[in-house]
Amino acid sequence: MVQGEKLPGRPGSASRRSFVKGLGAAGVALPAVAILPRWGFAEDVAGVYAHAAIDWRQFGGQTITLAGAIHPWSNAITPLLWDFTKLTGISVVTDFRLETAYMGALPIQLARGSSTPDVFMFTAYGQGISKGWLEPLNAYYSDRSLTDLGWYDENDLLQTARAFPLWRDGERYACPITSEAVTLFINGDAMAARNLRVPQTFDELLATANAAKTSEMSGIAMRAQAGGNSSVPAMSFVFSYGGDMVKDNKAAFASPEAIAAVEMYGRLLSQAGPSSVSGYEWYHVLDDFLQRKTAIAIDSSNFATDISNPAKSQVAGRTVFAAFPHVAGRPSVPFMSHWQACINSRSRHKRAAFLFLLWATSKPTSLRTAAAGLATTRVSAWSSEEFKKAFGAQAAEAALTNLQNADVDRAKAILFHSLSRPILDAFMIGVNEVVTGARPAKIAMTNAAEKANATIRG
């Protein structure tokens, strides 16, 4: 990684050796890297699925509805849906919406007992399980008429993807479909013009952001909108300062560690952030970085595809992708997650829906979506030259470093809580108050935690 080094005018690519080392550090068996399957791009598309001991046509004639957010996964999977229909005879109707609208509408639809969508992107895992919205999947994985586990090869999944969907009783209610971790993005030209280095600690980040800002460019951009959907970067600060979001079934972000983390978050954005940052969601952050309106951005590693695309980005080829910062003397603990896809427990086409999930997350499909720049859950896809070309080798290595440094259990503690959304909403209302200067961090986070805990107590 480039931390501690001066920023080059044009960032170099990560070496094959360092990238493979990163895969190993992420808990992946290295032999899987050494025998990467090439058939995803060399053989007829239908032929690679014929290697599975599965009757792909057993549900021919059925139609399933696939719902989700407009997202890199939906963008990557949509062009391949016709291939799925040709393979299986199952038609797929899609319902993709802007993320905020989708996240608001889906729980209402599921709570009404609708049998559609059959398959849907999901993050509120605990809520979905407690409400009975999600179909348990272990029995489907063990059904030999549906699944060829040897062909599917779960050992090819990243370690975090294997651990993430497991509920406390060992049941699975979802299939991970993407991999992401909070990552540091640097405008190399803006940094080089001031002879600045890639910051490693939060104190260095604050100094660098202030030094980089100009009348036309903010020093740093991060989410700050007063809603749970904006919580991802701020949670990374809390974890890296040694705090938790939820502990012993209580909101824990009034701890000294969390208060210090949010105080630093507020200092960064109030001193070096955009003037309107209090309303920033992820797309504002990305847009600012693509248009050279900010020198530094912190958000999902999945930004890399757009950042590296010259048709969209003014910083393509001029960006450094780096590990999330840390507190001096502490490790970096960025937030990580896997978007997951679930089956509606009221679906009338559950087996066809599972066959779709198996196809969508298989090796050959993952290789194809990775070629479009999607950060999938599979080692073989992350290791492919097609993925590294589309995503960027340095961006991929940074993402893997941040996945390796993440704490899956701390992320799951909040994401899988049955009241995750109101807890995150309360948290970000507090963060927003700190960013805007409405309240100091200690008061804002104490009030936020009290509100969240009142919700938990019911």
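Along the sequence shown, residues are numbered consecutively beginning with 1.
Taking both residues in full, the closest heavy atoms of Gly126 and Trp167 are given as CA-CH2, 4.1 Å, listed atom of the first, atom of the second, then distance. Summarising the geometry of Ala221 relative to Val285, their closest heavy-atom pair is O-CG1, 3.6 Å, with the distance given to 0.1 Å. Of all non-hydrogen atoms in Pro274 and Tyr280, the two that sit nearest each other are CB-OH, 3.5 Å. Across all non-hydrogen atoms, the minimal contact from Arg172 to Glu154 is NH1-OE2, 2.7 Å.
Heavy-atom neighbours of Lys350 NZ from other residues, nucleotides or ligands within 6.0 Å: above the threshold of 12. By the neighbour-count criterion of 12 heavy atoms within 6.0 Å, atom CZ of Arg348 is sparsely surrounded, having that number or fewer from other residues, nucleotides or ligands. Within 6.0 Å of the CZ atom in Arg346, the count of heavy atoms belonging to other residues, nucleotides or ligands does not exceed 12.
The ring-ring contact (aromatic ring centres under 6.0 Å, His included) test applied to Phe120 returns Phe122, not counting sequence neighbours. For Gln109, the side chain to side chain contact (heavy atoms under 4.5 Å, CB included) test picks out Arg97, Ser114, Thr116, Pro117, with sequence neighbours left out. Annotation: ring-ring contact (aromatic ring centres under 6.0 Å, His included) contacts of Phe427 (sequence neighbours excluded): Phe253. Partners of Ile220 by side chain to side chain contact (heavy atoms under 4.5 Å, CB included), not counting sequence neighbours, listed by chain and number: Leu205, Ala209, Met222, Leu268, Leu269, Ala272, Ile296, Ile298. Here Thr178 pairs with His71, Trp73, Glu180, Trp339, Leu374 under the side chain to side chain contact (heavy atoms under 4.5 Å, CB included) rule; sequence neighbours left out. With sequence neighbours left out, Asn75 forms a side chain to side chain contact (heavy atoms under 4.5 Å, CB included) with Ile70.
Separating the OG atom in Ser130 from the CG atom in Leu419 is a distance of 7.5 Å, to the nearest 0.5 Å. A distance of 13.5 Å separates CG in Leu80 from CH2 in Trp82, rounded to the nearest 0.5 Å. Atom OG of Ser420 sits about 13.0 Å away from atom OH of Tyr125, to the nearest 0.5 Å. Of the inter-residue distances, the one linking Leu358 atom CG with Thr88 atom OG1 reads 11.5 Å to the nearest 0.5 angstrom. Here CE of Met217 is found 6.5 Å from CZ of Arg292. Values are rounded to the nearest 0.5 Å.
Side-chain contact annotation: Tyr140 with Glu135, donor-acceptor N/O pair under 3.5 Å present. Inspection of the Gln291 and Asp287 side chains reveals an N or O donor paired with an N or O acceptor under 3.5 Å. Checked by atom type, the side-chain pair Thr183/Asn402 shows a donor-acceptor distance below 3.5 Å. Donor-acceptor pairing under 3.5 Å is recorded for the side chains of Thr294 and Ser218. At a cut-off of 3.5 Å, with distance as the only test, a side-chain donor of Thr365 or Ser362 sits close to an acceptor on the other residue. Side chains of Ser347 and Asp118: a donor-acceptor N/O pair is present below 3.5 angstrom, by distance only. With 3.5 Å as the limit, one finds no donor-acceptor pair spanning the side chains of Thr377 and His338. At a cut-off of 3.5 Å, with distance as the only test, no side-chain donor of Asn432 or Gln225 sits close to an acceptor on the other residue.
A cation-pi contact, defined as under 6.0 Å to the ring centre and within 45° of the axis, is absent between Arg351 and Phe59.
The only member of Arg378, Lys363, Arg162 that meets side chain to side chain donor-acceptor pair (under 3.5 Å) when paired with Asp156 is Arg378.
Side chains of Gln394 and Val320 form a contact here, defined as non-hydrogen atoms less than 4.5 Å apart.
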Stepwise side-chain contact (heavy atoms from CB on, under 4.5 Å) test for Leu134 and Ser345: CA-CA 5 Å; Leu134 312 184; Ser345 63; over 6 Å; no
Val119/Asn344 under side-chain contact (heavy atoms from CB on, under 4.5 Å): CA gap, chis, key distance, verdict: CA-CA 6 Å; Val119 179; Asn344 187 344; over 6 Å; no
side-chain contact (heavy atoms from CB on, under 4.5 Å) evaluation trace for Trp282 with Glu99: CA-CA 10 Å; Trp282 66 265; Glu99 185 172 326; 3.7 Å; yes
Test log, rule side chain to side chain donor-acceptor pair (under 3.5 Å), inputs Thr361 and Tyr152: CA-CA 9 Å; Thr361 59; Tyr152 188 69; 2.5 Å; yes
Worked check of side-chain contact (heavy atoms from CB on, under 4.5 Å) between Thr85 and Leu81: CA-CA 6 Å; Thr85 298; Leu81 294 178; 5.6 Å; no
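For the pair Lys389 and Glu386, the salt-bridge criterion is not met [side-chain N within less than 4.0 Å of a carboxylate O]. Remark: Asp409 does not engage Lys412 in a salt bridge, criterion side-chain N to carboxylate O under 4.0 Å.
Between Trp56 and Tyr49, the ring planes lie perpendicular to each other; the angle is over 60°, past the 30° to 60° tilted range. Using bins of under 30°, 30° to 60° and over 60° for the plane-to-plane angle, the ring pair Phe84/Phe356 lands in the perpendicular bin.
Proximity of the aromatic rings of Phe321 and Phe391 is defined here by a centroid distance below 6.0 angstrom, and this criterion is not met. Ring centroids of Phe303 and Phe289 are separated by 6.0 Å or more, keeping the two rings apart. Taking the six-membered ring for Trp and the full ring otherwise, Phe324 and Phe335 have centroids separated by 6.0 Å or more. Tyr102 and Phe96 have their aromatic ring centers separated by at least 6.0 angstrom.
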